[in-house]
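Step one of this worksheet: look at the structure below.
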Amino acid sequence: MHRSRRLPTALWAASLLCCAGLLAPAATAAADESASSRPMAVTFEDTFDGPAGSAVDGGRWQLETGDNVNNHESQYYTSGTDNAALDGNGNLVITARKENPRDYQCWYGRCEYTSARLNTAERFNAQYGHVETRLKVPRGQGMWPAFWMLGADFGQVGWPASGEIDIMENVGFEPSTVHGTLHGPGYSGGNGIGAGYTLPGGEQFADGFHTFAVDWAPDRISWSVDGQVYQTRTPADTGGNPWVFNKPFFLILNLAVGGDWPGPPDGNTAFPQELVVDYVRVTTSD
């Protein structure tokens, strides 16, 4: 949405090394019921259980390091537990801090902020199923939390040919709205295909936890918030451009600070800010 989301160069430099007929109505209903009642297989799950201050499971996630000039973000993504750690209560906390004790350098000079970005590349790839997280976003101008996916062939074909599925993005100047977006060749950045979901009654997403998900099948992706589907996309939506979502993708969680879309923090933005993640889960009906 209004940006590119390519991975920091440091990560990829390192990783590159290393029923045909019609059914009668009753039969259709029975088939639908049977499909919905099939047991769901969990193919990936992290409930972030562990002692307070401990690192995420390295068998599931890797932490990226570096800045992001593509979106003109202001943070430096760090490794270790300074910006991504378990809280001891079954949550992962990604913390954006207005500090730079290690003198990290960003595209604009000395970095003003630190934060964290995690992905499952080379550890887990999803292809279809129900991809879900329950989390609470931070609050304030310039905050940009996201839960999203990139095509596993990113390192070979680049972005946007790899495809990108944004399951949830929030920018601080829209505290009641999240966005779900597809990016691919011919529909990337500000031309991404998507929609927003706005909470009723002025409620803000930072007020509590919410569940964000996509239901992903061949040639079809649906987005939901707290179980309510708010958009569905198919190849008919790409304007004749390639649909690049029938292949494996890996998962990404991050909290950016600033950037072209959200704009920079202002005097009312308090730090530190936290993205608190209860769980991430991928299930299929196979």
Side-chain angles (χ1 to χ4, degrees), residues 2-18 48 52-58 60-87 91-123 135 137-148 150 154-155 158-159 164 166 169-173 189 250-277:
H2 304 296
R3 78 291 177 274
S4 70
R5 298 280 306 209
R6 286 175 281 184
L7 294 180
T9 304
L11 168 66
W12 282 104
S15 64
L16 289 176
L17 291 174
C18 345
F48 303 112
S54 59
V56 294
D57 182 352
R60 294 185 173 99
W61 304 95
Q62 61 178 328
L63 281 87
E64 304 178 23
T65 59
D67 62 349
N68 193 325
V69 64
N70 297 304
N71 301 321
H72 299 109
E73 299 168 15
S74 299
Q75 82 293 319
Y76 187 95
Y77 290 124
T78 72
S79 60
T81 57
D82 289 344
N83 297 92
L86 308 185
D87 68 356
N91 301 304
L92 162 66
V93 181
I94 299 177
T95 305
R97 305 182 187 277
K98 190 176 183 179
E99 62 181 26
N100 184 1
R102 299 185 182 179
D103 199 32
Y104 296 119
Q105 298 299 304
C106 286
W107 59 272
Y108 57 88
R110 190 177 188 275
C111 305
E112 297 181 43
Y113 306 91
T114 60
S115 189
R117 175 161 150 166
L118 299 76
N119 71 59
T120 67
E122 302 180 349
R123 288 154 174 78
L135 55 78
V137 304
R139 191 188 309 271
Q141 167 59 35
M143 294 296 98
W144 189 4
F147 176 53
W148 50 298
L150 274 177
F154 171 84
W159 186 94
E164 174 179 332
D166 297 328
E169 290 185 283
N170 170 256
V171 286
F173 62 80
F250 60 86
L251 313 177
I252 307 171
L253 276 166
N254 73 287
L255 174 54
V257 180
D260 296 327
W261 185 19
D266 61 21
N268 295 317
T269 308
F271 285 92
Q273 286 289 330
E274 296 180 343
L275 171 60
V276 185
V277 187

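The structure displayed is predicted, hence computed values, not measured ones.
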**Request:** Evaluate the side-chain proximity of F271 to R97: yes if any heavy-atom separation is below 4.5 Å, no if none is.
**Result:** no
**Message:** Please report the interatomic distance CH2(W261) to CD(E73), rounded to the nearest 0.5 Å.
**Reply:** 12.0 Å
**Asked** Is a side-chain N or O of T65 found less than 3.5 angstrom from the main chain of S79, in a donor-acceptor match?
**Response** no
**Request:** Report yes or no: do N268 and Q141 form a side-chain donor-acceptor pair below 3.5 Å?
**Result:** no
**Message:** Side chains of N100 and E112 only: does a donor on one sit below 3.5 Å from an acceptor on the other?
**Reply:** no
**Request:** Might you point out which heavy atoms bring P101 and E99 nearest each other, and give the distance in Å?
**Result:** CD-C, 3.8 Å
**Prompt:** Any idea which heavy atoms bring Y113 and S74 closest together, and the distance?
**Reply:** CD1-CB, 3.7 Å
**Heavy-atom closest pair, residues W144 and V171** = CD1-CG1, 3.9 Å
**Asked** Side chain of T120, backbone of L251: donor and acceptor closer than 3.5 Å?
**Response** yes
**Minimal non-hydrogen separation, T81 against S54, with atom names** = CG2-C, 4.0 Å
**Request:** Test side-chain hydrogen bond (donor to acceptor under 3.5 Å, both in side chains) on W148 and N254 and set out the steps.
**Result:** CA-CA 9 Å; W148 50 298; N254 73 287; 2.7 Å; yes
**Message:** Would you compute the distance between atom CZ of F250 and atom CD of E122 and round it to the nearest 0.5 angstrom?
**Reply:** 9.0 Å
**Request:** Work out which heavy atom in A121 is nearest to a heavy atom in Q62; give both atom names and the distance.
**Result:** O-NE2, 3.1 Å
**Item:** Heavy-atom check, side chain of V257 versus side chain of M143, under 4.5 Å
**Value:** yes
**Request:** Nearest 0.5 Å please: distance from the CG atom of D166 over to the CG atom of L150.
**Result:** 8.5 Å
**Worked verdict on L63 versus W61 for side chain to side chain contact (heavy atoms under 4.5 Å, CB included)** = CA-CA 7 Å; L63 281 87; W61 304 95; 5.6 Å; no
**Message:** Any heavy-atom pair between the side chains of L118 and L92 that's under 4.5 Å?
**Reply:** yes
**Prompt:** Using 4.0 Å as the upper bound for N to carboxylate O, is an ion pair formed by D82 and R102?
**Reply:** yes
**Request:** Begin from the C-alpha positions of V93 and F48 and carry the test side chain to side chain contact (heavy atoms under 4.5 Å, CB included) through to its verdict.
**Result:** CA-CA 9 Å; V93 181; F48 303 112; over 6 Å; no
**Prompt:** What class does the angle between the rings of Y76 and Y104 fall in, given that below 30° is parallel, 30 to 60° is tilted and above 60° is perpendicular?
**Reply:** parallel
**Asked** Between R110 and D103, is any pair of side-chain heavy atoms under 4.5 Å apart?
**Response** yes
**Fill in**
Minimal heavy-atom distance between S115 and I94, with the atoms involved, is OG-CG2, 4.0 Å
**Request:** Might you work through the side chain to side chain contact (heavy atoms under 4.5 Å, CB included) test for R117 and N68, ending with a clear yes or no?
**Result:** CA-CA 11 Å; R117 175 161 150 166; N68 193 325; 3.6 Å; yes
